[in-house]
There are 2 protein chains.
Amino acid sequence: MILSKSCEYAVRAAIYIALKTQQGEKTGIIAISEAIGSPTHFTGKILQALARKKVISSIKGPHGGFFIENPKDIYLVDIIKAIDGSGLFSSCVMGLKTCSDTKPCPMHEQIKPIRTQLLTEFSKKSVDELVKDFDKTGYFLR
Amino acid sequence: MILSKSCEYAVRAAIYIALKTQQGEKTGIIAISEAIGSPTHFTGKILQALARKKVISSIKGPHGGFFIENPKDIYLVDIIKAIDGSGLFSSCVMGLKTCSDTKPCPMHEQIKPIRTQLLTEFSKKSVDELVKDFDKTGYFLR
DNA sequence: ATAATAAAAGATAATTTTGTCTTTAATTAT
DNA sequence: ATAATTAAAGACAAAATTATCTTTTATTAT
């Protein structure tokens, strides 16, 4: 597993929210968790976290819900960093505290470009594009 | 984090064991956990798992301990699969059950080559080579 | 103002991962 | 045979992750 389960939920939720936003609707925790197949309240927590980090927006009360203001400017990497942090892109693959470019572990040079590619791909893909991709293929979010 | 903490311990332990094997010695749980900076008994469990999967060998009793028979034929990928399984190389990055080559998620094609590279690099590096690398750089395993 | 709606927040719990301690089994040396 | 050594196994516990339920707060509509 490259991303944590929470993070997978976060990504799928963001796509669903963006999809709804595009349709001019806000959407709630229940609809979201139903759409992406995640536990309702747990999903709420994750969305809270995303909202605090300004990845998504939320409004309370009737006709409130979650929405995403600028899906073109939110990238997968933003969601991943918000939920899982940036360990995936930085911490030593064999867990050596001292590992760095100047004092590399034996896998450092081999893993470095792979990490960079991961970061690149996750930085390239905006939520907006993800929605388009799903539209094309007849989307499924679970 | 690409690998679990347990798996990081496993990799470091395997290197230390191979190093000792090369020096004609078997080595015990206490020495290993001291060398790699891991909790003693927990390390025992991990080594047990590696032994069951034939990644390393062990002998009980006086002058017993852990050793590695064929460090040239044991690759990082073997350790990783033994401890973490193969989810890293296969499971959908956004957690979609239905994701596959024929019904790909929006990141499928982008992640695929990265996964392959991960698998390639982990499959290329034998424990024997890891030991040589550490010998070169003045090894540190914690 | 009041009621209804929906996210935020808090409390609690289950599960998984990580870590500790004790007992058992295998092997060796005396 | 007995004692010493060392991994294996089992029981237990702490911490992190994942999940559930309840209460509070903000907002809207009546």
Side-chain angles (χ1 to χ4, degrees), chain A residues 1-14 16-17 20-21 25-34 36-68 80 82-85 87-88 91 95, chain B residues 1-14 16-17 20-21 25-34 36-69 80 82-85 87-88 95:
Chain A
M1 265 206 182
I2 294 177
L3 307 179
S4 72
K5 213 168 175 185
S6 296
C7 196
E8 292 176 352
Y9 291 156
V11 169
R12 306 216 298 276
Y16 182 76
I17 292 167
K20 285 293 162 184
T21 300
E25 295 174 32
K26 295 191 202 66
T27 180
I29 293 173
I30 294 171
I32 294 168
S33 58
E34 158 60 24
I36 70 173
S38 65
T40 308
H41 296 282
F42 187 56
T43 305
K45 300 281 181 186
I46 294 168
L47 295 177
Q48 253 178 63
L50 287 182
R52 270 197 302 272
K53 302 256 170 122
K54 314 286 183 196
V55 171
I56 61 176
S57 306
S58 70
I59 289 183
K60 291 182 182 177
H63 304 122
F66 294 93
F67 60 103
I68 185 159
I80 294 169
I83 303 298
D84 280 353
L88 178 63
S91 64
Chain B
M1 265 205 183
I2 294 176
L3 307 178
S4 73
K5 214 168 175 183
S6 297
C7 196
E8 292 177 351
Y9 291 156
V11 170
R12 308 217 296 274
Y16 182 76
I17 292 168
K20 285 293 162 184
T21 301
E25 296 174 29
K26 295 188 202 67
T27 180
I29 294 173
I30 295 170
I32 295 167
S33 58
E34 158 61 24
I36 71 172
S38 65
T40 308
H41 296 283
F42 187 58
T43 306
K45 302 277 181 187
I46 294 169
L47 296 176
Q48 255 179 61
L50 288 182
R52 271 196 302 272
K53 303 258 170 121
K54 313 287 184 197
V55 172
I56 61 176
S57 306
S58 70
I59 290 182
K60 289 182 183 179
H63 303 123
F66 293 94
F67 59 103
I68 186 160
E69 304 208 65
I80 293 168
I83 303 299
D84 280 353
L88 178 62

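These numbers come from the heavy atoms of this one structure, side chains and all, not from hydrogens, waters or symmetry mates. Throughout, a chain's letter reflects where its sequence line sits, starting with A, and its residues are numbered from 1. Predicted model only: the values in this text are computed from it and were never measured.
Within the 4.0 angstrom heavy-atom criterion, only backbone atoms of the sugar-phosphate kind lie near B:T27; the bases stay farther away. B:H63 comes within contact range of the sugar-phosphate backbone alone, with a heavy-atom separation under 4.0 Å but no base atom that close. Among the atoms of the strands shown, only primed sugar atoms or phosphate atoms (P, OP1, OP2) are found under 4.0 Å from some heavy atom of B:I29.
Separating the CD1 atom in B:I59 from the NZ atom in B:K26 is a distance of 5.0 Å, to the nearest 0.5 Å. The structure places CD of A:E25 at 11.0 Å from NE2 of A:H63, a figure rounded to the nearest 0.5 Å. With rounding to the nearest 0.5 angstrom, the CZ atom of A:F66 is 6.5 Å from the CD1 atom of A:I17. Considering OG1 of A:T40 and CD1 of A:I30, their distance stands at 6.5 Å, rounded to 0.5 Å. Atom CD1 of B:I29 and atom CG of B:L47 lie 6.5 Å apart (nearest 0.5 Å).
At whole-Å resolution of the value, CD1 in A:I83 and C1' in D:dA16 are 15 Å apart. One atom, CG of A:D84, and another, P of D:dT17, lie 9 Å apart when rounded to the nearest Å. Distance, B:K20 NZ to D:dT6 C1': 17 Å, rounded to whole Å. Atom CD1 in B:I32 sits roughly 14 Å away from atom C1' in D:dA8 (whole-Å rounding). Rounding to whole angstrom units, CZ of residue A:F66 and P of D:dT27 are separated by 14 Å. In this entry the distance linking NZ of A:K26 with P of D:dA26 reads 18 Å, nearest Å. Per the geometry, CZ belonging to B:R12 stands 13 Å off P belonging to C:dT18, to the nearest Å. The distance from atom NE2 of B:H41 to atom P of C:dT24 is 16 Å, rounded to the nearest whole Å.
Side-chain N or O atoms of B:D84 include none that pairs as donor or acceptor with a backbone N or O of B:L3 at under 3.5 Å. When atom types are taken as modelled, the side chain of A:T21 and the backbone of A:I68 share a donor-acceptor pair closer than 3.5 angstrom.
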**Message:** If you apply the rule side chain to side chain contact (heavy atoms under 4.5 Å, CB included), what do you find for A:Y16 with A:R12, and how did you get there?
**Reply:** CA-CA 6 Å; A:Y16 182 76; A:R12 306 216 298 276; over 6 Å; no
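Comparing A:G61 and B:G28 along DNA chain D, the residue whose closest nucleotide (by nearest heavy atom) sits nearer the 5' end is B:G28.
Heavy-atom distances under 4.0 Å link DNA chain C to B:K45, B:K60 of residues 44-60 of chain B, given in residue order. Of the residues in residues 1-10 of chain A, none lies under 4.0 Å from DNA chain C by heavy-atom distance.
Of the listed nucleotides (C:dT20, D:dT28, D:dT5), D:dT5 has the atom at the smallest distance from the side chain of B:P62. When the nucleotides D:dT20, C:dT18, C:dT5 are ranked by their closest atom to the side chain of A:F42, D:dT20 comes out on top.
In A:E34, the CD atom is not crowded: 12 or fewer heavy atoms of neighbouring residues, nucleotides or ligands sit closer than 6.0 Å.
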